[in-house]
Every structure is written in structure tokens, then in C-alpha cells.
Visitor: 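Questions regarding the structure given below will be posed in turn.
Within every chain, numbering begins at 1; the chains are lettered A, B, ... in the order of the sequence lines, protein sequences first and strands thereafter.
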Amino acid sequence: MTRAEYALSNGLHRVGARPKLFDYLKRTWSRRDFIYMFGYYKLRSSLENNKLGMLWLVLRPIMDAFIYAAIFGVLMGRDRIGEHYVSYVIIGIFMWQLFSKSLTDGAKSITGNRALVQSLAFPRMTLPLATVIRHFLETLPSLVLMIVCMPLLGMIGEHKQLFLPRWEWLLMIPLLFIYMLFNTGIALIAARLTVHLRDLTQLLPYITRLLMYASGVIFQVDTIFRASTKYSWVASVFDYYPLYQFLSLTRSFLRGYPMNPEYWVSISIWAVAVFVVGLLFFWVAEERYGRD
Amino acid sequence: MAEIKGCRYLYEDDSSGPGNGPKAPKHMLGYEPKPVVVVDDLHVKFKVYASGKRLGTMGNRSVLESKRRGLRTVHALKGISFTAYENESIGIIGSNGSGKSTLMRAITGLLTPSSGAVYAKSRPNLLGVGGTLMGQLSGERNIILGCLALGMTRKEAEAAVESIVDFSELGDFIDLPMRTYSSGMSARLKFSIATVQNHEILIVDEALAVGDKNFRKRSEARIREIRDQAGTIFLVSHSMQSIRDTCDRVLWINKGVLEMDGPTEEVVSAYEESKK
């Protein structure tokens, strides 16, 4: 009997071998307390040094909103895009943060927790998941604030409109669910890619900025293309581009504009696809994390 | 005593010939010992870029050429084999750079072997001195987080806090952020968190050296306790006193080769003899 046979016959496994997918997901699920607490504590520790602490979670979005309202509502004061601009920008920015933070911080979730990964054996998937939870918790107060202040937002700027509460606002719940599924997939993919290529963290600010301009966060990118004679074909891309659709849908139902129902189908397919791909993509390299 | 590949095995023949698996150490004979870790002809090679300026004909070289880096292979572990059983605490000794930590990292699965393999009952946990959990957070929150990472439920973690605080002797410091701790204090806390539950396999890398004498005594007692609960402990240390007090078997690693494997007293004496 060789050593290997001896080991296997005694029920030992090769160390670091990655568990089967179902088993892996089960183990990840059993650490759900860890995932939540890790995300929550990460958020707290980022604010702990400040005198106002967790209050910043509400203060920051208020200040953001003031600046955008001041610049786009008062200073520019024009209806450049044929609709209410202050609310356009604020919904855009607040929703966008959820994605961009999941991407940039998700990318660092394995490499940034090296000490933890190297000392304890637990499913590594918990770390990117915790990052996504953290940013969800961080953004939630600003989203709630945004919805509560929606009627007020409509009154800023030249083009005064009253966005009254409506039943469609409840669509925010399924939308956020689909959005978070999408963001989780993105965080998982980014986390693994950074392990292979650290330089990615240097590139990510540019990638997110590029995506931001392409998604119509602060200006309506699709109308620009639709209006142009030379690049009008680019506009058709936006019928399949999920980030643009997430923002566009949120703006529609929060302000009572007509929605494009096809967008719901598109984002759902995207979110499930990205999530499943992210899950598999991350799991395949499980043995690789912590080794460098 | 059998001589295999230059290694002095003080136990029964451990060459695992056909038909019989590796035999257990003498102190474990009498009942069927259960293997927990099997290391099978483990080789680890590092490829390192040697980036040092070369002296000599530097003056004639272009800037680019002088920066060319040579790839060098470091053969850190050269064919290590042993079997660790349940209820064993194994000391790992050897001079600096002999490959002790490399071996431990290979056992935890953090290093890919160039050839050979490590088999284990469960994935070992490595308790090292470096790296804190989260410096901004208080010791207590770090305890909860550490316990959850070890696989406890939230209730279990909250219940464990008190005993961990007691064991670490941090007292009122437990409410302060961990970045304010001294290296000894954070090592004590980490040790207390990691040993709060009984591990199947725990690797302790030099962590005992940091505490004061009193803490060292208690942590050694804790290690023996884990061992008695069917755990297997690997203890890497330069303190022969710690090794003598806690281990019943010692592996002596020298330049990436298993120099000697046997009962503590014999191996430690031989090691100390070689140092003279």
C-alpha cells in the first residue's frame, strides 16, 4: 500500500482540494452569520474613527444630494434633457454607487483579507459576499432618504414637478433584489480576477468611470447617440445594457414615467446569468486563494 | 532504528512498503491509531526573481540590461514524508530558513506542492502571530468575528466571548480597538480565539513565544487539552522548553530535508548536540 492509498483508505482528503459545488454552497450558507457580521463590522470599522460614526451614512448622501442639486438644479438650471434633471442625477448617482462599490471593493475582498484567508479554513466565497452586504447596508439609508425626499426633489430646478408617492414605488424591492444579484456576480468575478492579476485594482477606477459614463448616470447617454446621425447604431446597444436599464427603470417608476417592460426581462436574465457565472467562476479557483 | 534516505526514523520502519501502511510511533502502539495527516514525498520549489544589481562589468551595460532579472529556483522542501496521528502533538524544529514554515503552509494547503501531496482529515487551521483580524474594531467584536469564521453560530460565538476574554487576560482592554493592542496582547487574543474550540488539526507557528511566562504556561496546557480531545497539534518553535513541555513527537527539518523524526527527548537532544 502506498502512502496515498493508505491516506485515502483512512478517509483523508488531499489538502486544499476544492469541495463539490453543492457541498461548497452548503458550507457557504452555513456561514451566513459570518457573512453578515463581517460586512456589518467592515462598515462600522470604516466609520469608527469619525466622531459622528454611523450618522455619516445619512449625512453623506444628504451632502451629495445638496451638491448635485446645487450644480444641476440651480447653477445650470436648464432642462438639457427634456425631463426633470435634479431627480435624474440623484437617482442615477445613488443607484450607481451600489454597483461601483461592489465592483471595486469586491475586487479587493480576497487580496485585502490575506491574513484571514491564510490562517483559517472557511469557504472564501464568504468574503466577496460580505463586501456586497456591506455596501448594501451602506447605501440603504441613502436610498430610503432618496425615496422619502422624492416629492421635494421634484420642486428643485426650473422644471417643477411633484413626484407624489405611488404604489409603483414598491417595485424598488424586486428591483433592488435583482440588482444585488447582479452585483454579487460582478463582485465574485472581480474578486477572482484580482487574485490572478493584482494590476486590476489600478485599472478599476478607469473601468468604473468608463462604465459610469456609458450607463447614463449623470447625463442621458442614449439620447446623445440616438440624436447623432453617425453613431445612431450605438443606441441599440442600450436595449441590452443592464446597468443603463437598472437606472432607467428606477427613474421611471419613482417619478411616474412610463416604464419599458422589456427592461425587466433583460435585467432579470442578466442578473441570473452574471450571478451563476460568478458563482462558478469563483468556485473553480477556490484552491488558489491565499496562495501567492 | 531504520535509516531511510538519510533520515533517522526512530520509530518502526516508516517506509510504507507494499502491504503495510506506515506504522505508528511506539508510544501509540497497543491500539489502532487513526492517521490525521499524511505527508507523501512532499517537494516545494519556489521560483524567485533574483533582482540584485550585479557588480563587475556594470559600466559597459545599458540601463535596461542591468535590470534584467534572473529566475532562480529555490528547492525549499526536498521530499518530506511522515504520518501524524490522532492525539499527537508534534513539534517542528530546525534553524531559520530550514523550511519549517514552508512545511506548515503546505500542510494547510496554502502552498502548491511541486510534487508529492498532503492528505488530511480536515483542512488544518494555522495560528500565526502576524496579521490581526480588524484593527479598527474592539477586541470583543474581533472575538465574535473570529468565532463566526471558525464556523460557530452567532449564539455560540456570543457565549464564547466571556471565556475568551478570561483566557486572554485582556480585561478592560477588550473594549478598545485592536489597533491599540501591543503585539503580545493581540497574539494572546488570537491564540485565545483560535483555541476556543477543539480543532481536529491546529498548527501553532511561534505564537507561544509572545506571551509572558504565565500565559505561556496556560496556553501550553490548552494545547495539551486540545490534543487530548482527539486533536492533532503541530507546534513550530525555537523554544526547546515549549517543545519539551507540550510535544510527544518532534520532526527536525534541516535544509528542506527531514533530518530526524522521533520522540521529543531524543530528537531535541540530538538537535541541541548538533548546535554545539
Side-chain angles (χ1 to χ4, degrees), chain A residues 1-19 26-50 53 112-124 126-127 130 134 285-292, chain B residues 16-22 34-41 81 83 105-113 116-128 130-138 141-142 144-157 177 190 194 201 203 205:
Chain A
M1 191 162 29
T2 65
R3 270 175 184 281
E5 284 162 3
Y6 172 70
L8 295 174
S9 71
N10 275 285
L12 307 189
H13 308 282
R14 195 169 57 78
V15 163
R18 120 178 86 93
K26 223 165 68 185
R27 283 190 215 183
T28 308
W29 173 246
S30 74
R31 304 284 168 116
R32 57 192 179 278
D33 280 344
F34 173 67
I35 296 176
Y36 175 77
M37 290 307 263
F38 194 75
Y40 174 68
Y41 281 161
K42 272 269 177 198
L43 172 59
R44 283 206 70 137
S45 76
S46 70
L47 298 167
E48 205 87 323
N49 273 350
N50 301 311
N113 292 305
R114 200 163 153 267
L116 196 61
V117 171
Q118 292 200 339
S119 52
L120 296 177
F122 58 89
R124 309 315 185 194
T126 50
L127 296 175
R134 176 224 153 133
E286 176 75 3
E287 294 184 24
R288 175 71 178 67
Y289 308 129
R291 293 175 172 174
D292 39 19
Chain B
S16 60
N20 55 312
K34 291 196 190 101
V36 175
V37 178
V38 171
V39 178
D40 183 19
D41 194 29
S81 296
T83 305
R105 283 163 58 85
I107 290 179
T108 47
L110 293 173
L111 279 177
T112 331
V118 178
Y119 302 88
K121 209 168 159 195
S122 62
R123 193 166 176 163
N125 288 318
L126 177 75
L127 174 61
T132 49
L133 292 167
M134 264 191 235
Q136 294 301 336
L137 293 179
S138 71
R141 292 201 185 123
N142 272 295
I144 301 233
L145 215 53
C147 290
L148 292 174
L150 284 169
M152 289 187 189
T153 65
R154 198 132 139 209
K155 266 199 183 120
E156 287 169 336
K190 279 179 72 188
I201 306 159
I203 296 174
D205 196 347

Visitor: Between CG of B:L145 and NZ of A:K42, what distance do you get to the nearest 0.5 Å?
Guide: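 So the CG of B:L145 and the NZ of A:K42 are separated by 9.0 Å.
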Visitor: Tell me the closest heavy-atom pair linking B:V38 and A:R3, and the distance in Å.
Guide: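 Heavy atoms of B:V38 and A:R3 come nearest at CG1-O, 4.1 Å.
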Visitor: Would you please test B:K34 and A:N10 for side chain to side chain contact (heavy atoms under 4.5 Å, CB included) and show each step?
Guide: CA-CA 8 Å; B:K34 291 196 190 101; A:N10 275 285; 5.9 Å; no
Visitor: Atom CZ of A:R44 and atom OG of B:S138: how far apart are they, to the nearest 0.5 Å?
Guide: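 The CZ atom of A:R44 sits 9.0 Å away from the OG atom of B:S138.
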Visitor: Quick check: closest heavy atoms across A:F122 and B:A149, and the distance to 0.1 Å?
Guide: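 Closest approach of A:F122 to B:A149, heavy atoms only: CB-O, 3.8 Å.
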Visitor: Taking all heavy atoms of A:Y41 and all of B:R141, pick out the closest pair and write down the distance.
Guide: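 Minimum heavy-atom contact is CE2-CD, 3.2 Å.
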Visitor: Find the one option among B:V39, B:I107, B:V118 whose heavy-atom pairs under 4.5 Å with chain A are most numerous.
Guide: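 If we count pairs closer than 4.5 Å to chain A, B:V118 comes out on top.
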Visitor: With a 4.5 angstrom heavy-atom cut-off, is it the side chain or the backbone of B:L150 that approaches chain A, or both, or neither?
Guide: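 Answer is both: backbone and side chain atoms of B:L150 are under 4.5 Å from chain A.
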Visitor: Most heavy-atom pairs under 4.5 angstrom with chain B, which of A:S9, A:A4, A:G11?
Guide: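 Among the listed options, the one with the most contacts to chain B is A:A4.
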Visitor: If I compare all heavy atoms of B:T108 with all of A:V15, which pair ends up nearest, and what's the gap?
Guide: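 Scanning both residues, the minimum pair turns out to be C-CG1, 3.5 Å.
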Visitor: Could you name each residue pair satisfying salt bridge (Lys or Arg N to Asp or Glu O under 4.0 Å) that touches residues 144-155 of chain B, not counting sequence neighbours?
Guide: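 The answer is none; no pair qualifies.
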Visitor: Measure distances from A:R14 to the heavy atoms of chain B and classify the residue's part below 4.5 Å as side chain, backbone, both or neither.
Guide: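 Both backbone and side chain of A:R14 come within 4.5 Å of chain B.
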Visitor: Let me confirm one number: the CZ-OG1 distance from A:R32 to B:T153, rounded to the nearest 0.5 Å.
Guide: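 Those atoms lie 9.5 Å apart.
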Visitor: Supply the atom-to-atom distance B:I144 CD1 to A:D33 CG, rounded to the nearest 0.5 angstrom.
Guide: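 Going from the CD1 atom of B:I144 to the CG atom of A:D33 covers 10.5 Å.
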Visitor: So what's closer than 4.5 Å to chain B heavy atoms on A:I35: side chain, backbone, both or neither?
Guide: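 Neither the backbone nor the side chain of A:I35 comes within 4.5 Å of chain B.
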Visitor: Verify side chain to side chain contact (heavy atoms under 4.5 Å, CB included) between B:L148 and A:F38, making sure each step is shown before the conclusion.
Guide: CA-CA 9 Å; B:L148 292 174; A:F38 194 75; over 6 Å; no
Visitor: So which heavy atom on A:Y6 is nearest to which on B:P35, and how close?
Guide: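 Taking every non-hydrogen atom into account, OH-CG, 3.6 Å.
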